[in-house]
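Remarks on the structure that follows.
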Amino acid sequence: MIDNPTSEVTGDAEFLAAEQLVKEQRFEEALPLLKQVLARDPGNADAYNYLAFSQRKLGRLEEAFANYVRALDLDPDHMGAREYLGELYLQLGRRDKAEEQLSRLMVLCPLGCEARDDLARAISESRRNQPPEARDGLP
């Protein structure tokens, strides 16, 4: 589901508590903790990724998009943010954009990794679930 954090704030009690809430799918409870972490550490790409993930799961897609972009501005190689941004694009019907994220993940982990494999699987499933007449020409 969620990748392990890679930042130096892994010892931050609020960050760890928020991470646990996200893993337990208690997204609404995680939001204020993540915002507190970001108020103290606005350069924390992992916290932006968790914030965006929680927002996406709560249906707050515009907020999630903005926070995935922030995470990637801070760390363009953040594999979790790339995977989840790709999944958000799929939710929005933008498989082309999801495939761009997958292409970047293929560069970041050419031998395969969880983020790459999960996004590839989601893209494949989106193709299978699409009506046949729509498969040939996406807008």
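What you see is a predicted model; the values in this text were computed from it and never measured. Numbers here simply count residues along the sequence, with the first being 1.
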Which pair of non-hydrogen atoms, one from [X] and one from [Y], has the smallest distance, and what is that distance?
X      : Y      : answer
Ala98  : Tyr89  : N-CB, 3.8 Å
Tyr48  : Ala71  : CB-CB, 3.8 Å
Leu102 : Arg116 : CD1-O, 3.6 Å
Pro42  : Ala39  : CD-O, 4.3 Å
Leu119 : Glu83  : CD1-O, 3.8 Å
Leu34  : Ala47  : CD2-O, 4.0 Å

In the single-linkage hydrophobic clustering (I, L, V, M, F, W, Y; side-chain heavy atoms under 4.5 Å), do [X] and [Y] co-cluster?
X     : Y     : result
Leu51 : Val22 : yes
Leu38 : Leu31 : yes
Leu58 : Leu33 : no

Indicate yes or no: at least one non-hydrogen side-chain atom of [X] is less than 4.5 angstrom from one of [Y].
X     : Y     : answer
Leu21 : Phe27 : no
Asn44 : Phe15 : yes
Phe53 : Arg56 : yes

Kindly say whether [Y] contributes a backbone atom to a donor-acceptor pair with the side chain of [X] at under 3.5 angstrom?
X      : Y      : result
Asn129 : Glu125 : yes
Ser124 : Ala120 : no
Ser126 : Ile123 : yes

Value rounded to 0.5 Å, distance of [atom1] in [X] from [atom2] in [Y]:
X      : Y      : atom1 : atom2 : result
Arg127 : Arg95  : CZ    : CZ    : 5.5 Å
Asp96  : Gln101 : CG    : CD    : 11.0 Å
Cys113 : Leu108 : SG    : CG    : 7.5 Å
Glu29  : Glu24  : CD    : CD    : 8.5 Å
Asp117 : Cys109 : CG    : SG    : 7.5 Å
Asp46  : Asp75  : CG    : CG    : 7.5 Å

Got a salt bridge between [X] and [Y], using NZ or NE/NH1/NH2 to carboxylate O under 4.0 Å?
X     : Y      : answer
Asp73 : Arg70  : no
Glu28 : Arg60  : yes
Asp77 : Arg82  : no
Arg94 : Glu100 : no

Please step through salt bridge (charged side-chain N to carboxylate O under 4.0 Å, His left out) for the pair Glu19 and Lys23, ending with a clear verdict.
-> CA-CA 6 Å; Glu19 177 183 38; Lys23 288 180 179 179; 3.7 Å; yes
